[in-house]
Amino acid sequence: DARVTQTPRHKVTEMGQEVTMRCQPILGHNTVFWYRQTMMQGLELLAYFRNRAPLDDSGMPKDRFSAEMPDATLATLKIQPSEPRDSAVYFCASGPAGQPQHFGDGTRLSIL
Amino acid sequence: QKEVEQNSGPLSVPEGAIASLNCTYSDRGSQSFFWYRQYSGKSPELIMFIYSNGDKEDGRFTAQLNKASQYVSLLIRDSQPSDSATYLCAVRVGTYKYIFGTGTRLKVLA
């Protein structure tokens, strides 16, 4: 079964540090999404790409978050500098255009 | 008003009963609707999707869509303890953007 692969699965770091999360979408999927999930807010869409081009990143705090797709097999989400309120589970999802998206296992991020 | 609304629950049903999960959405232009299941500590898993008014059945699951009422539901027949999870409703707005509800927690009592 093809899967969306996310690394790392867990990350604990101190506030102010840079955090980079990586995602390998399912081969052939041309839309890629980044979500953040917390108990309070649920699943929030941060950014999404089609054919590697960013379509919408309005869900991200622009001053500290950035999302890129350097190639079709890699999407990255960076936080610099990180803050305790960024602690959450970050999910990447991918899908063919217009078709249901499939989620990776997530990165559980804790900022101390 | 949230774009996609779900009752947070928990919804408790006895084993073997029908569980009914409901979702309302605000954007009348929405075309595609999805149900995901999420076990505690795991990622969302696609259960069903529906694009047209009416019912769509897949095994023990039935998705129901009523665009006039902006309402989508998920029925789980013969509920099992293994169905205990949070069920997320998602709506595709425009071509690519998905909005998720906050989920309904289902507990199936053995």
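Just so we're on the same page: letters track the sequence lines, and every chain starts at 1.
Environment of NZ in K78(A): sparse, with no more than 12 heavy atoms of neighbouring residues, nucleotides or ligands closer than 6.0 Å. Around atom CG of L27(A), no more than 12 heavy atoms belonging to other residues, nucleotides or ligands sit under 6.0 Å away. The 12-atom threshold is exceeded at CZ of R64(A), counting heavy atoms of other residues, nucleotides or ligands nearer than 6.0 Å. When the shell of 6.0 Å around NZ of K67(B) is examined, it contains more than 12 heavy atoms from other residues, nucleotides or ligands. Applying the 6.0 Å contact sphere to CZ of R3(A) captures no more than 12 heavy atoms from other residues, nucleotides or ligands.
Here the shortest heavy-atom pairing between Q41(A) and T102(B) reads O-CG2, 4.3 Å. Taking each heavy atom of F91(A) and K42(B) in turn, the nearest pair found is CZ-O, 3.9 Å.
In this structure, E45(B) and H102(A) have side chains that are not in contact, with every pair of non-hydrogen atoms separated by 4.5 Å or more.
Note: P44(B) leads G103(B), S32(B), P44(B) in heavy-atom pairs under 4.5 Å with chain A. The greatest number of non-hydrogen atom pairs below 4.5 Å with chain B, out of A93(A), G95(A), P100(A), G104(A), is found for P100(A).
Both the backbone and the side chain of D105(A) have a heavy atom closer than 4.5 Å to some heavy atom of chain B. If you measure heavy-atom distances from Y96(B) to chain A, the contacts under 4.5 Å come from both the backbone and the side chain. Both the backbone and the side chain of Q99(A) come within contact range of chain B, judged by heavy atoms closer than 4.5 Å. Looking at I99(B), neither its backbone nor its side chain comes within 4.5 Å of chain A, counting heavy atoms on both sides. The contact between L43(A) and chain B is made by backbone and side chain atoms together, counting heavy-atom distances below 4.5 Å. Proximity to chain B (any heavy atom under 4.5 Å) is shown, for Q101(A), by both the backbone and the side chain.
Under a hydrophobic clustering in which Ile, Leu, Val, Met, Phe, Trp and Tyr are joined whenever their side-chain heavy atoms come within less than 4.5 Å, directly or via other members, F61(B) and V13(B) fall into the same cluster. Hydrophobic clustering (side-chain heavy atoms under 4.5 Å, transitive across Ile, Leu, Val, Met, Phe, Trp, Tyr) groups V72(B) together with Y87(B). When hydrophobic clusters are built by joining Ile, Leu, Val, Met, Phe, Trp and Tyr residues whose side-chain heavy atoms come closer than 4.5 Å, directly or via intermediates, V108(B) is grouped together with M48(B). Both L11(B) and V4(B) sit in one connected hydrophobic cluster of ILVMFWY residues. Membership requires side-chain heavy atoms under 4.5 Å apart, directly or through other members.
Residues Y98(B) and Y35(A) keep their aromatic ring centres 6.0 Å or farther apart. Close placement of the Y36(B) and F103(A) rings is indicated, their centers lying within 6.0 Å of each other.
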